[in-house]
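Positions are given from 1 along the sequence.
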Amino acid sequence: MKVLMHYTTQRIVYDCFSNKGTFDFTKNERVGQVSDFYKRYNRTQNHLFFVVSFCNLENGKIKYTACNINYNENDDKYEFTSVSDRICKIICGELGLEDSNTYDSDTFYRVFTIEDDEKIFINNNHESDLNKLRMKFFSWDELISAKEILFNEICDNIFNIENVLKVASTYKPNIKYSEKQKKKKYFEALKTIGFISDKGVDIFYKTLHGDIGEFLMHIMLGMFLREQSIEKYIYPKLVFKTSPKMPVYGNDGTIYIKDKKEIYYLEAKFYSDLNSAINKAVESLIEHNEVSNESFSHRIELFRNVKTDELDEIIEIDEEVTENLVLFLMCDDYTNYDDILHVIRKNSKLKSLKIDFNIVLFVLPILSKEEYLKYFQSRGSEVWEELNA
């Protein structure tokens, strides 16, 4: 999170920014600084803070106040809105400003960075101005005009070392791996699932598309499930990959919710067209149910506890579980919720499947499958070069 700091020895400036409410920035120099700061960082986070550090030259004491920077498109003006004392203390605490003289007579504006800390900057029911502090929600219009924002966010999750170790390896967090060992396991897992290669990744290879969908499905479902307190286990099928060109047959993954006696069979599809993705997912689920008859007795140790990421927990899947299905669908088109809903409601195969199963659907519009795959290929080449540097 970025914070713009303004140093001053004028009490009137401190008092101005301590006022409750929303006001315009008026001084030209300050407007210029705020404008540069806002344009540089507003696309990547939802909150930009302006902190005033007031130094009383008579006694050397420092006071701080903080406000939220906004841009009013109607008036073409930058505004500041007061925040609670609690949030001001959190920000100053994270910046290490408490009880320290930070005044610099030669520098009046400075940008600081607060490292991501999800334990602090999370949704908070009591302080609405703290909500979604770490990230900004983008409109589809914004993303369509700058697809690399979405592509980069997705690739950051795919090539994240911890995510790769969780989804595509038998890494155990309770073992103290050295950084060299973790890097090696990360490198081997990426090669095995085909996300990197010394010859470059073949983005036209269909198995790769499916593996990208599976990988994202497990990461996103893991985060989605973690918010709930019930005991859950997730089984990522990608740990069984032995070759980039060889798919792993059967369901794309499984979720077991122990205390509710529920099991979810997962299927991920990555197609340009949403309706085609639904049809292929339904066909795969029916085929797996009729042909594979998944048995977990010999691979039960590879279920991963969603909360702790632990493997090898002794779990016993109840024989009287309720079976459910999860469809994770990536597609080019449809960025409007009503349009997505219309396709889902019209799909006859999905209607038939709903007669016998409870179905949960996740839809991730990728904006352009072709453009995303090219971006993915470029990122994979960068990762290969970094790991072989």
Side-chain angles (χ1 to χ4, degrees), residues 1-117 120-139 141-142 149:
M1 186 184 75
K2 301 295 183 182
V3 178
L4 179 62
M5 180 75 70
H6 173 45
Y7 300 97
T8 183
T9 57
Q10 300 180 50
R11 177 68 191 232
I12 190 173
V13 174
Y14 172 82
D15 289 341
C16 172
F17 288 99
S18 298
N19 291 330
K20 300 299 181 184
T22 299
F23 307 89
D24 295 339
F25 285 95
T26 54
K27 189 176 179 182
N28 289 338
E29 179 194 14
R30 199 170 293 137
V31 171
Q33 292 286 341
V34 168
S35 173
D36 291 343
F37 177 73
Y38 186 91
K39 290 175 180 176
R40 179 173 295 183
Y41 299 114
N42 86 6
R43 294 187 68 86
T44 57
Q45 58 190 85
N46 212 27
H47 288 260
L48 294 171
F49 288 100
F50 185 75
V51 175
V52 175
S53 170
F54 165 63
C55 178
N56 187 326
L57 295 180
E58 294 181 3
N59 55 26
K61 289 186 177 180
I62 305 290
K63 284 189 174 183
Y64 301 97
T65 188
C67 53
N68 205 327
I69 298 173
N70 305 290
Y71 174 62
N72 188 327
E73 293 183 352
N74 296 326
D75 297 332
D76 191 25
K77 290 183 178 179
Y78 290 92
E79 301 174 336
F80 61 91
T81 302
S82 57
V83 301
S84 68
D85 291 338
R86 174 175 169 270
I87 293 177
C88 183
K89 288 179 181 178
I90 290 175
I91 294 168
C92 291
E94 286 295 300
L95 291 173
L97 300 176
E98 296 145 313
D99 300 321
S100 62
N101 188 332
T102 57
Y103 178 68
D104 187 336
S105 60
D106 297 321
T107 305
F108 298 99
Y109 298 92
R110 188 178 295 168
V111 175
F112 289 88
T113 300
I114 296 178
E115 297 299 328
D116 290 349
D117 188 347
I120 294 176
F121 300 117
I122 57 175
N123 282 347
N124 187 302
N125 294 328
H126 303 292
E127 299 286 351
S128 61
D129 48 355
L130 191 59
N131 285 349
K132 295 296 178 186
L133 196 65
R134 293 182 58 247
M135 285 297 296
K136 173 180 170 157
F137 287 111
F138 292 93
S139 69
D141 288 340
E142 286 180 291
I149 297 173

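In this structure a side-chain-to-backbone donor-acceptor pair under 3.5 Å is missing from Asp36 to Gln33. A distance-only check finds no donor-acceptor pair linking the side chain of Thr9 to the backbone of Cys55 [under 3.5 Å].
Residues Arg40 and Val111 form no side-chain contact, since every pair of their non-hydrogen atoms from C-beta on lies 4.5 Å or further apart. The shortest side-chain heavy-atom distance between Leu4 and Leu48 does not fall under the 4.5 Å cut-off. Taking the side chain as every heavy atom from C-beta outward, Ser82 and Asn19 never approach each other to under 4.5 Å. Counting heavy atoms from C-beta on, the side chains of Phe50 and Arg30 come closer than 4.5 Å.
When only modelled atom types and interatomic distance are considered, Thr22 and Asn70 share no side-chain donor-acceptor pair under 3.5 Å.
Between Tyr71 and Tyr78, the gap from one ring centroid to the other is short of 6.0 Å. The aromatic ring centroids of Tyr109 and Phe37 lie 6.0 Å or more from each other.
Arg110 and Tyr7 make their closest contact through NH1-OH, 3.7 Å (heavy atoms, listed as atom of the first residue, atom of the second, distance). Nearest heavy atoms, Cys92 versus Val51: SG-CG1, 4.4 Å. Contact detail for Tyr64 and Cys88: the closest heavy-atom pair is O-SG, 4.0 Å.
Asn56 is linked by a side chain to side chain contact (heavy atoms under 4.5 Å, CB included) to Phe54, Glu58, Asn59, counting only residues two or more places apart in sequence or in another chain.
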Under the criterion side-chain contact (heavy atoms from CB on, under 4.5 Å), I'd like the reasoning laid out for Val13 against His6: C-alpha separation, chi angles, the key distance, then a yes or no.
CA-CA 10 Å; Val13 174; His6 173 45; 4.0 Å; yes

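Counting non-hydrogen atoms of neighbouring residues, nucleotides and ligands closer than 6.0 angstrom, the CG atom of Asp75 exceeds 12 such neighbours.
To the nearest 0.5 Å, the span separating CD on Gln10 from CG on Asp15 amounts to 11.0 Å. Ile91 contributes atom CD1, which lies 9.0 Å from atom SG of Cys67 (distance to the nearest 0.5 angstrom). In this structure, the separation between CZ on Phe49 and CD1 on Ile69 is 9.5 Å, given to the nearest 0.5 Å.
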